[in-house]
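Reading through the structure tokens given below for one structure.
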Amino acid sequence: MALTATLVVLASGNGSNLQAILDACDRGQLDAVVSLVVVNRQSALAAPLAASRGIATHYAPLGPYRERFEDLAESRAAYDADLAAEVAAESPDLVIQAGWMHLFSMAFLGEFPNQVVNLHPALPGTFPGAHAIDEAWAEHLSRGLTHTGVMVHLVPDEGVDDGPVIVAEEIPIDSDDTRESLEARIHSVEHRVLPAAIAQLLESR
Ligand code: GAR
């Protein structure tokens with residue numbers, strides 16, 4: 001019988017995708033437990049959500065590292081190495097970036113080869129970065145973009161929202177869409193696709 005997998009979830013925002021992962025664990029779609037949730041912003045709603053479920057949380061802001069080192073790359077490398085040690089202590093099967101707005105260097109990624117998974121609200125090769133939905137919406141208005149999407153991919157290196165794709169799903173932009181209705185549709189697809197991609201990865205291991 002397969003062993004229950006251990007997940008560490010990294011989140012900076014509203015935590016709705018953490019919720020989707022926890023729901024998938026509850027209903028048995030994922031044979032996994034989330035042992036630790038890491039947030040890098042005080043406002044991240046994933047922290048109270050995790051605490052309400054009795055899941056350990058770790059607040060890891062980059063700020064103190066920026067103050068300690070003059071060089072940005074040095075501060076990021078030190079931050080990434082310290083956070084890698086915190087995460088490695090959980091012996092996770094997978095590390096899930098669920099709305100994680102920090103670009104890891106190899107100081108972190110090198111510790112977890114083929115184990116770091118990222119969710120991005122756009123199709124492979126499109127709209128990398130933190131504003132993918134805004135950028136797709138702007139392109140819809142200016143140039144008639146008719147679809148965008150969601151992808152879940154492995155994070156092998158420092159490429160931004162780039163890496164071997166596990167699942168990608170196209171999402172139409174309808175003529176009666178608003179920015180808000182498009183975002184809501186994207187999030188509802190994410191909440192289905194992210195647990196499915198994690199399940200697929202765990203099964204293949
Ligand atoms: C999600 O839309 C996720 O795809 C996006 O942040 C949001 C987090 O939502 N990630 C990126 O843009 C990565 N470049 P949540 O906090 O409600 O889970």
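Counting starts at 1 for both ligands and their atoms, in listed order.
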Original post:
Would you call Gly129 a ligand 1 contact, heavy-atom distance under 4.0 Å?
Top reply: yes
Original post:
Heavy-atom contact under 4.0 Å between Met101 and ligand 1?
Top reply: yes
**OP:** Note the single closest protein heavy atom to atom 8 (C) of ligand 1, along with its residue, its atom name and the distance in Å.
**Re:** Gly99 CA, 3.6 Å
Subject >> Residue pairs involving residues 94-116 (criterion side chain to side chain donor-acceptor pair (under 3.5 Å); sequence neighbours excluded) >> reply: Asp80-His102, Asp80-Ser105, Gln97-Asn118
Subject >> Summary of side chain to side chain donor-acceptor pair (under 3.5 Å) pairs that have at least one residue in residues 50-59, sequence neighbours excluded >> reply: Asp26-Arg53
Subject >> Atom indices of ligand 1, in the order listed, that fall short of 4.0 Å to a heavy atom of Asp161 >> reply: 13 (C), 14 (N)
Original post:
Can you find a non-hydrogen atom of Ala11 under 4.0 Å from ligand 1?
Top reply: no
**OP:** Nearest heavy atom to atom 14 (N) of ligand 1 wins, so pick from His191, His120, Gln97, Met151.
**Re:** His120
**OP:** Please write down residue, atom name and distance for the protein heavy atom closest to atom 5 (C) of ligand 1.
**Re:** Pro121 CD, 3.8 Å
**OP:** Would you name the heavy atoms of Asp93 and Ala5 that are closest together and state the gap between them?
**Re:** OD2-CA, 3.3 Å
Original post:
For atom 9 (O) of ligand 1, what is the nearest protein heavy atom, given as residue, atom name and distance?
Top reply: Asn17 ND2, 3.6 Å
Original post:
Hey, which atoms in ligand 1 end up nearer than 4.0 Å to a heavy atom of Gly13?
Top reply: 16 (O)
Original post:
Got a salt bridge between Glu169 and Arg192, using NZ or NE/NH1/NH2 to carboxylate O under 4.0 Å?
Top reply: yes
Original post:
How far is atom 4 (O) of ligand 1 from its nearest protein heavy atom, and which residue and atom name does that atom have?
Top reply: Glu190 OE2, 2.4 Å
**OP:** Look at ligand 1 and say whether His187 reaches it with a heavy atom at a distance under 4.0 Å.
**Re:** yes
**OP:** Starting from atom 17 (O) of ligand 1, locate the nearest protein heavy atom and write down its residue, its atom name and how far away it is, to 0.1 Å.
**Re:** Ser16 OG, 2.5 Å
Subject >> Flag if over 12 foreign heavy atoms under 6.0 Å of CZ, Arg66 >> reply: no
Original post:
Which heavy atom of Ile55 sits nearest a heavy atom of Val34, and at what distance?
Top reply: CG2-O, 3.6 Å
Subject >> Met151-Val189 co-clustered via ILVMFWY side chain contacts under 4.5 Å >> reply: no
Original post:
Does the Ser142 side chain pair with the main chain of Ala138, one donor and one acceptor, at a distance under 3.5 Å?
Top reply: yes
